[in-house]
J.: 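The structure that follows is given in the form of structure tokens.
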Amino acid sequence: MDLFTLSDIVKAIRKKEVSFKEVVNFYLKQIDKHNPSLNAFLRLNEKGLKKIDTFKPQGLLGGVPLGIKDMFCTKGLKTTAASKMLGDYVPPYSATVIERLEQAGAFILGKCNNDEFAMGSAGKNSHYGVTKNPWDLSCVAGGSSSGSASAVAAHLCAGALGTDTGGSIRLPAHYCNLVGIKPTYGRISRYGMISYASSLDQAGPLTHTVEDGALILDAITGYDPKDSTTADLAPTQFHKQLNSQVKGMKVAYFNVFQENEDIHPEILESQEKVLKVLKERGCELIEKKWPFLDYGASVYYLISTSEASSNLSRYDGVRYGFRSKKSPKDLKDFYGFNRSEGFGLEVKRRILMGTFCLSTGYYEEYFHKACQVRYLIQQEFMEIFKTCDAILCPVSTNTAPKVKEDVNILKNYLNDQFTVFANLTGLPALSLPVHLSKQNLPIGAQLIAPAFKEQNILNIAKSLEEELQLYKEKPDGF
Ligand code: GLN
């Protein structure tokens, strides 16, 4: 099959140039061949696959096979958050986004690997093993939406759904030559999405092109009575309004990176390249100072671990969750066994950190302080957007690291230093492919827009995509 963008597939099925079954079989073959080396899919939707003969490929996403991060509940299909804690969990209901994808005609092909409870940036924290990057199998695919990114990049599915709490869609998109979109907080329902840090979590697509991402968004956005944090807005129509004419748009950029010794020179070059294209296409470029750049990661890790410690307290092995075989002598023992055996190291580290931040005596000093700085960051971004339509910045300091590379925890946390701002502020942001390094590893660029102005950055990204055409590049052998 020569089609590989999601929109090409929808059109081809609609025109009967290819059948839905042929498309599914193409991806199943790809999975058979490549999943053993990538570890991108954790399991297939066997029940759904048994019914493909009667499946009706109609609607916006008619017949498109999608990979779903294992953080979304799928009715009757095991959902583990890549944790031993939920190793046997079969949800009795589907997340709102899954229902909406199905209503739009998408086919859920299977569940994708991720860092346990979406905590990580390399995909190495999954209980079910690391996911590899198809661009270089010795490198990670990025996290925490590792399997979703790897699967799309290697053409194991047409597009995928991820979650982004501090960069988990944008970072793997950057490492894998994909478009990854984190919409405005409140755009998409979180009902049925396993919580990591509720004030930061958002769902979003990973795809080859901007149009593909817009199509998935249009299927899943809009108010949901089951999630009181969704904005009272109708579903979006981004794909219809995509327009690569960006003349006159005002794009802010930051010049702080030249002084950052940790940033890869080719990332700096790629930013220059993007600025040049934007200028040629008539954008007005405005230099700004990045507000509180040094504080983003600290604020993010204080808030996200605090929220996580509270969210994850529900996994006690009583109604659901892993239950230890050891015999407890009392209730405390019972919880202790279940939780210490069920959670992995990084999750436990974060629960401890978060519990500490929220405890009496430290709450004011850590959690409360972090919330105050978060507010200041929000104000500063709003100030920037008084005169700009979008911000351009890097996604990360480097290309995909090696699987074997042993980085210290703090350095790992700093992988998100440029992405966490969109989550702390709730602003929409995306990552799109802009360069391939000398080592043939993908490099992305990040665009951030004012709240609910996703169309601004989708259009700018479309314009860059038209010029750079990087989505046409394929990793060798896939
Ligand atoms: N890497 C960040 C973390 O580990 C972000 C994760 C995410 O966005 N889910 O918290």
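Counting starts at 1 for both ligands and their atoms, following the listed order.
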J.: Could you tell me if Arg374 and Tyr295 have a donor-acceptor pair between their side chains, going purely by distance under 3.5 Å?
T.: no
J.: Is there a heavy atom in Arg350 that sits closer than 4.0 Å to ligand 1?
T.: yes
J.: For ligand 1, which atoms sit closer than 4.0 Å to a heavy atom of Asp164?
T.: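 Atoms satisfying the 4.0 Å criterion: 8 (O).
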J.: Quick one: which ligand 1 atoms are inside 4.0 Å of a heavy atom on Ala118?
T.: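 What qualifies from ligand 1 is 6 (C), 7 (C), 9 (N).
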J.: Any salt bridge linking Asp70 with Lys78? Criterion: basic side-chain nitrogen under 4.0 Å from a carboxylate oxygen.
T.: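 Salt bridge between Asp70 and Lys78, a charged N being under 4.0 Å from a carboxylate O: no.
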J.: Pull out every atom of ligand 1 sitting under 4.0 Å from any heavy atom of Asp416, numbered as shown with elements.
T.: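 Counting atoms of ligand 1 from 1, those under 4.0 Å from Asp416 are 1 (N), 2 (C).
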J.: Less than 4.0 angstrom from a charged side-chain N to a carboxylate O is my criterion; do Lys369 and Glu364 meet it?
T.: no
J.: Find the distance between CD1 (Ile31) and CG (Leu109) and round it off to the nearest 0.5 Å.
T.: 4.0 Å
J.: Of all the atoms in ligand 1, which lie at a distance below 4.0 Å from a heavy atom belonging to Gly120?
T.: 1 (N), 2 (C), 3 (C), 4 (O), 6 (C)
J.: Suppose I only count heavy atoms of Tyr300 and a 4.0 Å limit; which atoms of ligand 1 are within that range?
T.: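 Every atom of ligand 1 under 4.0 Å from some heavy atom of Tyr300: 2 (C), 3 (C), 5 (C), 6 (C), 10 (O).
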J.: Between Asp115 and Lys124, is there a salt bridge with N-O shorter than 4.0 Å?
T.: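 A salt bridge is absent here (no side-chain N lies under 4.0 Å from a carboxylate O).
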J.: Find all atoms of ligand 1 within a distance of less than 4.0 Å from any non-hydrogen atom belonging to Tyr196, and give their numbers and elements.
T.: 3 (C), 9 (N), 10 (O)
J.: Is it true that His34 and His155 have ring centroids separated by less than 6.0 Å?
T.: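 No, too far apart.
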J.: Just to confirm my output: which protein heavy-atom neighbour is closest to atom 7 (C) of ligand 1, and how far is it?
T.: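 Residue, atom and distance for the closest contact: Ser168 OG, 2.4 Å.
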J.: Within a distance under 4.0 Å of any heavy atom of Tyr301, pick out the atoms of ligand 1 and give their elements.
T.: 1 (N), 2 (C), 3 (C), 4 (O), 10 (O)
J.: Taking the six-membered ring of Phe343 as reference, does the cationic atom of Lys348 (NZ for Lys, CZ for Arg) lie under 6.0 Å from its centre and within 45° of its axis?
T.: no
J.: Consider side chain to side chain contact (heavy atoms under 4.5 Å, CB included). Of Trp290, Phe421, Phe254, Tyr253, which one does Ile391 pass it with?
T.: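 Going through the options one by one, the only one that passes is Phe254.
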J.: Please could you name the atoms of ligand 1 that Met119 approaches to less than 4.0 Å, counting only its heavy atoms?
T.: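 With Met119 as reference, the close atoms of ligand 1 come out as 4 (O).
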J.: Does Tyr413 reach ligand 1, in the sense of a heavy atom lying below 4.0 Å from it?
T.: no
J.: For ligand 1, is Ser304 a contact, meaning one of its heavy atoms is under 4.0 Å away?
T.: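 No; Ser304 lies far enough from ligand 1 that no heavy-atom distance drops under 4.0 Å.
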